[in-house]
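Just the heavy atoms: all of them, side chains too, but no hydrogens, waters or symmetry mates, feed the values below. Residue numbers count from 1 along this sequence. Keep in mind the model is a prediction, meaning the values are calculated, not measured.
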Amino acid sequence: MKKLVMSAILFGATATTQAQSLPVYLDESKPIEQRIDDALSRMTLDEKIAVIHAQSKFSSPGVKRLGFPDLWTDDGPHGVRPDVLWDEWEQAGQTNDSCVAFPALTCLAATWNPQLARLYGESLAEEALYRNKNVMLGPGVNIYRTPLGGRNFEYMGEDPWLASRMVVPYVQGLQSKGVAACVKHYALNNDEEYRHQVNVVISDRALHEIYLPAFKAAVQEGGAWAIMGAYNLYQGVHNCHNATMLNKILKKDWGFDGVVISDWGGCHDTEEAIKNGLDLEFGSWTDGLTMGATNAYDNYYMALPYKKLIQEGKYTTKELDEKVRRVLRLFYRTNMKRNKPYGFLCSESHYEAALKIAQEGIVLLKNEKMKELNNESLLPLDINKTKKVLIVGENAIKMMTVGGGSSSLKAQKEILPLDGIKARLAGVDVSYARGYVGDTIQSYNGVTVGRSLYETRTQAELTAEAVEMARQADVVIFVGGLNKSDHQDCEGHDRKSYDLPYAQNEVIEAILKVNPRLVYVNISGNGAALPWINKVPAVVQAWFIGSEAGEAIASVLAGDVNPSGKLPFTWYASLDQCGAHATKSYPGTWREDYKIIDEEYKEGIYVGYRYTDAKKLKPLFAFGHGLSYTTFKVGKATADKQEMTAEGKISLSVPVTNTGKVAGSETVQLYISPKDSKVARPVKELKVFQKVYLQPGETRNVTLTIGADALSYYDEMSGEWRADAGKYEAQIGTASNKLSTNYTFRLK
């Protein structure tokens, strides 16, 4: 009889019959928690153990007997990664798993536009739905602590408030389509080199004020359904089974009701995993790292070893049932959710979203007026007066959607900078010189793309060619920066130097001697030393911007799009301006047994602009900096009150005027500077921002509202957030070093 009922459910009975026969766990009219209770009561021990660990590289099993399908994850956060073989990292050889490559998250953060973060999440979810993916492994919100961090390009910058405001709509957009966000890597995952061995030593205050807020916002405001534990250790314990991080902070203090998923190979001990908050184990091979075995996944820490401990009576199913409950909750939110929208792969709307995000994220760092151009700026390019353009640099012809680690993609298309600029400057004589040889590899995990980068000429020959061609050009556009190779912007390794790699500096200096009309376009997720910066009139930060890279860059250079991006991190003139390096705390110290690296975050809360402010240093480009082809004026700040209570709010207003000749967007930024603090505080901290679009001559009043939370710091004695009564100053402007108006008020 039970088989007949299930057949009716699965193969379509009448509504009346279904209402009478549906078990509770399949009845969508019932509350999810009631359905979970029913399903849990029906599961065997083997079924429970099965759903808390992987069965392949990217999937974990459902409960086939009860009709729960397998759970499929996939790497993000910049696009849906191509499918790999069941238990190999090589591609599966499919022809329907190409995708739209969206801009890297550093670019998204540089838009300072939460609406675009929502669009990003929705677009990515539609691609995931088409590919039948239930969980996207992203977004990443680890803080940009040092520009040598190999994975910084996947994150949202140095400031916890900016990252918080951008991650929430991303998560909401993704999950609005029934695809789970798995926010990563929780937490303190700021090193790629020896990432499994780094034990972070940090004050509670720095932990809560700098490194946790974006995760907390993703959970409490974004409602994230999954969190990925980090490889590194905290308090001597790996973060994929760390009682303080997972049980206390995440699940108890923040009320997280989702699933904690291990990073691949991040689990190291069965009993720690049982007790300390890990819910779902993923990885490679038997031990999650290197060893292979028959039925390898059954030998995971949370597989047969866990079952054996229960059978031996060392543990009951109490902890197991809690883990399964969370996994079932994820099932009901994703693969068991019947009324999901349809997915789309490589749709016009997704390419439009990728292009829009790329264009808004590109940052115009420098655009000085030149005597050679009758005291005009080099950008935007004057097409009517420009006859010959020379493009130099390997990054103009190198595809950046492949490589870099788990965010590598198989993009349906990637418009290269050279091709995009040539297409936009049709009618102009556009030539190309290689300039330097960097990384000629154009493949990753079986995905091979792009034109050949094979080169036999010497560096001297390449430099000579670029210089000779530059003599004849009206404008030289040098497209350089970093790439996705090891020890650059790449998972698994940090950068070895703050300098630009290869012979880029040499070539730029040589070109400048014969032609000062040079635009430097930097493609990277990190800042770098630019020793020639005072000689180059125009500098553009173009990030890794995905499928529409060439078109986005060309549209900004030509002035079709007025740049409005703002730096999400401080661009240091040298590494000694960075707190992690100035305090000599990076990359840490090996213990005597060479198994663990202790890395003390000696700079504490003074990360990024907080450090340069405290030390009165002038970075190359400040946090929040970004120029435009028009000009803006921020007027005098006013407020609705001069005093506020701990329960109240204060609204500040500033008039913003486009004083130039073209339409454009400006981001108004509000920083709070405490004046009567009882503890050491940063000089100022970003607390509100708003992007506003204005026509030439248009003025708009921008209202920025703050509460006592914007005045708070983490009190280590009480373990709570605290705002001291006293005087505060709101500083408002267009970058952390361009705050033109302020307003002083008091907290009672």
Pair Tyr155-Ile143, side-chain contact (heavy atoms from CB on, under 4.5 Å): steps then yes or no: CA-CA 7 Å; Tyr155 301 143; Ile143 291 298; over 6 Å; no
[X] side chain near [Y] side chain, heavy-atom distance below 4.5 Å:
{"X": "Arg151", "Y": "Lys184", "answer": "yes"}
{"X": "Phe344", "Y": "Ser123", "answer": "no"}
{"X": "Asp474", "Y": "Val389", "answer": "no"}
{"X": "Leu418", "Y": "Lys422", "answer": "yes"}
{"X": "Val540", "Y": "Lys366", "answer": "no"}

Under 3.5 Å, side chain of [X] to main-chain N/O of [Y], donor-acceptor pair present?
{"X": "Lys566", "Y": "Ala110", "result": "no"}
{"X": "Trp571", "Y": "Leu365", "result": "no"}
{"X": "Asp159", "Y": "Leu162", "result": "yes"}
{"X": "Asn515", "Y": "Ala473", "result": "yes"}
{"X": "Lys618", "Y": "Ala573", "result": "no"}
{"X": "Glu548", "Y": "Ile545", "result": "no"}
{"X": "Thr463", "Y": "Ala460", "result": "no"}
{"X": "Tyr231", "Y": "Trp264", "result": "yes"}

Do [X] and [Y] have side-chain N/O donor and acceptor atoms under 3.5 Å apart?
{"X": "His581", "Y": "Thr146", "answer": "yes"}
{"X": "Ser547", "Y": "Glu414", "answer": "no"}
{"X": "Ser628", "Y": "Thr630", "answer": "no"}
{"X": "Asn445", "Y": "Arg81", "answer": "yes"}
{"X": "Glu491", "Y": "Ser406", "answer": "yes"}
{"X": "Glu394", "Y": "Tyr502", "answer": "no"}
{"X": "Asp494", "Y": "Tyr586", "answer": "yes"}
{"X": "Ser524", "Y": "Arg495", "answer": "no"}
{"X": "Ser555", "Y": "Gln359", "answer": "yes"}
{"X": "His493", "Y": "Glu192", "answer": "no"}
{"X": "Glu158", "Y": "Thr570", "answer": "yes"}
{"X": "Asn152", "Y": "Asp489", "answer": "no"}

Residues that Glu352 engages under salt bridge (charged side-chain N to carboxylate O under 4.0 Å, His left out), provided they are two or more places apart: none
What residues, two or more places apart in sequence or in another chain, satisfy salt bridge (charged side-chain N to carboxylate O under 4.0 Å, His left out) together with Glu603?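 Checked Glu603 against salt bridge (charged side-chain N to carboxylate O under 4.0 Å, His left out); matches are Arg145.
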Assess whether side-chain contact (heavy atoms from CB on, under 4.5 Å) is satisfied between Tyr572 and Thr612, documenting all intermediate values. CA-CA 9 Å; Tyr572 305 109; Thr612 55; 4.0 Å; yes
Qualifying residue for ring-ring contact (aromatic ring centres under 6.0 Å, His included) with Phe569, from Phe623, Tyr611, Trp543, Tyr609: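 Only match with Phe569 under ring-ring contact (aromatic ring centres under 6.0 Å, His included): Trp543.
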Residues [X] and [Y] bridged, charged N to O under 4.0 Å:
{"X": "Glu376", "Y": "Lys371", "value": "no"}
{"X": "Lys410", "Y": "Asp97", "value": "yes"}
{"X": "Glu360", "Y": "Lys691", "value": "yes"}
{"X": "Asp74", "Y": "Arg131", "value": "yes"}
{"X": "Glu455", "Y": "Arg434", "value": "yes"}

Working to the nearest 0.5 Å, report the span between CD of Glu193 and CD1 of Ile597.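 One gets 8.5 Å once the value is rounded to the nearest 0.5 Å.
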Ring geometry between Trp532 and Tyr520 (parallel below 30°, tilted from 30 to 60°, perpendicular above 60°): perpendicular
Aromatic ring centroids of His78 and Phe102 under 6.0 Å? no
Quick one, Leu174 with Leu124, criterion side-chain contact (heavy atoms from CB on, under 4.5 Å). Give me CA distance, side-chain angles, the key distance, then yes/no. CA-CA 7 Å; Leu174 192 67; Leu124 181 61; 4.2 Å; yes
Applying ring-ring contact (aromatic ring centres under 6.0 Å, His included), can you list everything that pairs with Tyr170, at least two apart in sequence or on another chain? Tyr120
Examine Lys484 relative to Phe544 and say whether NZ or CZ is less than 6.0 Å from the centre of the six-membered ring and inside a 45° cone about the ring axis.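 Because its charged atom sits under 6.0 Å from the ring centre and within 45° of the axis, Lys484 does stack over Phe544.
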Quick check on Ile441: does its CD1 atom have over 12 non-hydrogen neighbours (other residues, nucleotides or ligands) under 6.0 Å away? no
